[in-house]
S.K.: 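This structure is in structure tokens; I'll ask about it shortly.
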There are 2 protein chains.
Amino acid sequence: MLRAVLAHGPIPRSHIARLTGLSQASVTRLTTELLARGFLAVAPSTATADVGRPLVPIDFDVRSWVALGMHLGRDRTTIAVADLRGTLLATDELGHEAREPAAVVRQAVTWLRRLAARHAGGAQALGVGVSVGGWVDPDDGIVIENDALGWRNVPLRSRLERSLGLPVLVESNVRAMALAELWFGVATKVRSLVYVFIGNVVGAAIVVGRTIHRGPLAAAGGIAHMRLASSNARCSCGRIGCFQALTTDMHLAERAVERGLIAQPSIDALIEVARGGSRPARALLEARARSIGEGLAVIIGLVNPDLVVLAGSGVTAAPEYLATIRAEARSRCVLPIDAERTILPSGLGADVLASSSIALVLDAFYRQELPDVTVRSTRR
Amino acid sequence: MLRAVLAHGPIPRSHIARLTGLSQASVTRLTTELLARGFLAVAPSTATADVGRPLVPIDFDVRSWVALGMHLGRDRTTIAVADLRGTLLATDELGHEAREPAAVVRQAVTWLRRLAARHAGGAQALGVGVSVGGWVDPDDGIVIENDALGWRNVPLRSRLERSLGLPVLVESNVRAMALAELWFGVATKVRSLVYVFIGNVVGAAIVVGRTIHRGPLAAAGGIAHMRLASSNARCSCGRIGCFQALTTDMHLAERAVERGLIAQPSIDALIEVARGGSRPARALLEARARSIGEGLAVIIGLVNPDLVVLAGSGVTAAPEYLATIRAEARSRCVLPIDAERTILPSGLGADVLASSSIALVLDAFYRQELPDVTVRSTRR
DNA sequence: AGGGCTTTCTTTCAGTCTGAAATAATCCTT
DNA sequence: AAGGATTATTTCAGACTGAAAGAAAGCCCT
């Protein structure tokens, strides 16, 4: 029901009933409960049909509840406050003072408290979504391994729950971003999805039946060392031709430096040069796009999702290569895929990090998995 | 509930309640309904605890219902009758007289009717599972493409339902086999699974949350053209190093002929020679095992299933190479996988084809997806 | 202004499913 | 034959559902 409200903005009860297949009676009962709990509110009625009892549009109550989120990145923490619809009310970025878990957590907690106090307007917080890179076990809320921060087995959830007194949802950043895409991005109407992130690291998240598939080790989505045939670049794992070695920003930038196209290894500089007309720079970026397409073909062949969403600086910084990616994926794939429709760039803008941490909370909320928030129908 | 009965054989109601988490009251109600409908029966009581009211073991009623199945292969049709537990009551193989859909279907229907009449003992048939190679759309029951039989867009289900008057479930053979593994094989206790078949063709099936994931084109599990780096064998698709080109029986047999190891391209002959001590023959098989392991590493990294099940003549005919497959997969995989536990050979014997067609019916039955069979609790 | 008309929303009612707890059943032990 | 132990059944109340009847709230028309 909440999904119908999310998807269709302010919406009258009778439409909800039609969309969800529930009876009007059930919708009324549920909405009264949700109105009482402060999750929904009556929206100002817009001009509607000129006959019959007027529609009463229902919408999320953006005043009484908020979701909080934080993304713990290599160099900075992004914190966010958002309403139930996922609209960001405020975000902030904090440069790390130190990378020790204790210091990062302390800083994030302090500033998140402050941000919430200032922008939540007295609303209650549903919970806190924590998006963090590397290998994460969401069930226990533990960061198993994060090279960027140098963390190993950090019990993030228990620490944060203790100091914030709110439900905390820890998840890998790639999976969090996939959820954001699923709720607020281009994948809202899709059942299965593979989200592919290509930036300084590469990773994927698999969604089947609108549920993230994590696997027993919470490690599903590992595409870094998928072997591609198109090159023999050496990967940090010691092997040759890994997807990671061919597609990360860093790899490309280093190649460009080797070839004297740019002075410092920076992907932005390389894109700049390519846009300036440099043939070899463009060739490098084209080659990466083909590698990405090649990898996608493998993923699409194996998983055949409704949709593939591409994200990360490796894709968004130079969208002009999307066509190459699509063409390569299509030609490598035995399936007759419609690449224009099934391979899409991320629908989230610059606020991906903030949105993705928020998506963790709202996903749990919509699924009724949040510990203290359960909705049952009222009977009088 | 039925799953508990399937897993734990004859089992008293109170145990079912404990296993399923239902209350004893609900279990009683459901069992009485299922007993009345002839799905369950009271089993002969075995000697049990020597105090208290004796347990009444409940088991499937193997007399009043059966499942029927057929596998349409390249050269022959396998037909089967089985009880609700999946135990085969009778199977038969029919060589095709012709490969036209009409001829194959007519023959299969005739003989399946006869087999059922003879071995079902008056039991009703739940439905007919049809396992067929190639690209199949199970929703519409259409065989989109099957090269072995030369079929294109054959509306198999509608034809069979008309002539048999029973619910018909059409599914690709690989997915049917994965279901059989899920219900009767080594994957009964597992939530997610990738089933990898390697024989004259290669293919996979993906199970997440004990449900087959098919994807929008019903094409999930395509691993044939996944690129491996270990060789440059040319695939029928025109590319180099495809998984298919490196691992099918036919490919291996042809290689062996090229190298003069055997006279006729036959995988069995090659295995024979290798077992006889031929170094180059063994090297060929070892190389295939490593290729398979390499492919598995990609699959495991991406999907991270609870379990990988290997099947098909490419694996079962020469089980001595399983260790190589596992070792290669483990070494190629960045995850710390326990290959001995998570990569297993199929748990089904020679009756795979029959069992897999039966699994289609029982899977639908257990999920209550069979059109005329729905169970609701009784109230008096 | 007030009675129809139309549509939305609410309430009533009956039905289904559930589990807790009381009750019945059935065996073994003494 | 009574007592004990345990399983199976029934009774009961609670939760949820949809169908249908009823109330509400606007417009239209005279």
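Throughout, a chain's letter reflects where its sequence line sits, starting with A, and its residues are numbered from 1.
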S.K.: Using 0.5 Å steps for rounding, measure from the CG atom of A:Leu182 to the CG atom of A:Leu362.
M.R.: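 Here the rounded value is 12.0 Å.
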S.K.: What's the CD-C1' distance between A:Gln24 and D:dA21, to the nearest Å?
M.R.: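 Distance check: A:Gln24 CD to D:dA21 C1' gives 13 Å.
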S.K.: When you check the gap from the basic side-chain N to the acidic O, do A:Asp59 and A:Arg85 get nearer than 4.0 Å?
M.R.: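 So A:Asp59 pairs with A:Arg85 through a salt bridge.
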S.K.: Rounded to whole Å, how long is the line connecting atom CG of B:Leu22 with atom C1' of D:dA8?
M.R.: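 Rounded to whole Å, this separation is 15 Å.
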S.K.: What I'd like to find out is whether the side chain of B:Leu166 reaches to under 4.5 Å of the side chain of B:Glu161, using heavy atoms alone.
M.R.: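 Side chain of B:Leu166 against side chain of B:Glu161, heavy atoms only: no contact under 4.5 Å found.
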S.K.: Side-chain N or O of B:Thr28 versus OP1/OP2 of D:dT9: is the shortest distance under 4.0 Å?
M.R.: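 So the side-chain polar atoms of B:Thr28 do come within 4.0 Å of the phosphate oxygens OP1 or OP2 of D:dT9, strictly under.
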S.K.: Check whether the side chain of B:Arg53 and the base of D:dT7 form a donor-acceptor pair under 3.5 Å.
M.R.: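 For B:Arg53, whose side chain was compared with the base of D:dT7, there is a donor-acceptor pair (under 3.5 Å).
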S.K.: Answer yes or no: side-chain N or O of A:Arg29 and base N or O of D:dG18 forming a donor-acceptor pair under 3.5 Å.
M.R.: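 Checked by distance alone, the answer is yes.
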S.K.: Any ion pair linking B:Glu33 and B:Arg37 (charged N to carboxylate O, less than 4.0 Å)?
M.R.: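 The answer is yes: the pair qualifies as a salt bridge.
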S.K.: Within this structure, what is the CD-to-P distance between B:Glu33 and C:dT16, rounded to whole angstrom?
M.R.: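 After rounding, the reported distance stands at 12 Å.
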S.K.: Need one value for A:Val56: base, sugar-phosphate or nothing, where a base atom within 4.0 Å counts as base even if backbone is also close, heavy atoms only.
M.R.: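 It contacts sugar-phosphate atoms only.
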S.K.: Round to the nearest Å and state the distance from B:Arg18 atom CZ to D:dA8 atom C1'.
M.R.: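 That distance rounds to 13 Å.
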S.K.: Can you tell me the distance, in whole Å, between the CG atom of B:Leu30 and the P atom of C:dT18?
M.R.: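 Atom-to-atom, B:Leu30 to C:dT18, this comes out as 6 Å.
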S.K.: Taking atom C1' of D:dT7 as reference, at what distance in whole Å does atom NE2 of B:His15 sit?
M.R.: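 In whole Å, D:dT7 C1' lies 9 Å from B:His15 NE2.
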S.K.: Is A:Ser23 near enough to D:dT17 that one of its side-chain N or O atoms lies under 4.0 angstrom from OP1 or OP2?
M.R.: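 Checking D:dT17 against A:Ser23, no side-chain N or O comes under 4.0 Å of OP1 or OP2.
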S.K.: Is the shortest side-chain N/O distance from A:Ser14 to OP1 or OP2 of C:dT7 below 4.0 Å?
M.R.: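 So the side chain of A:Ser14 is outside the cut-off, no N or O lying under 4.0 Å from OP1 or OP2 of C:dT7.
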S.K.: Under the criterion side chain to side chain contact (heavy atoms under 4.5 Å, CB included), which of A:Leu84, A:Ile358, A:Val66 is the partner of A:Leu126?
M.R.: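 Only one option passes, and that is A:Leu84.
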S.K.: Using atom CD1 of B:Ile11 as one end and atom C1' of D:dT7 as the other, report the distance to the nearest whole Å.
M.R.: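 Rounding to the nearest Å, CD1 of B:Ile11 and C1' of D:dT7 are 14 Å apart.
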S.K.: Rounded to the nearest angstrom, tell me the gap between atom CZ in B:Arg13 and atom C1' in D:dT10.
M.R.: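 Taking CZ of B:Arg13 and C1' of D:dT10, I get 13 Å after rounding.
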S.K.: Measure from the side-chain heavy atoms of B:Ser26 and tell me the nearest of C:dC27, C:dG19, C:dC9.
M.R.: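 Nucleotide nearest to B:Ser26's side chain: C:dG19.
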S.K.: Counting side-chain heavy atoms from C-beta on, which of D:dT10, C:dT10, D:dT17 comes nearest to B:Ala25?
M.R.: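 Among the listed nucleotides, the one closest to the side chain of B:Ala25 is D:dT10.
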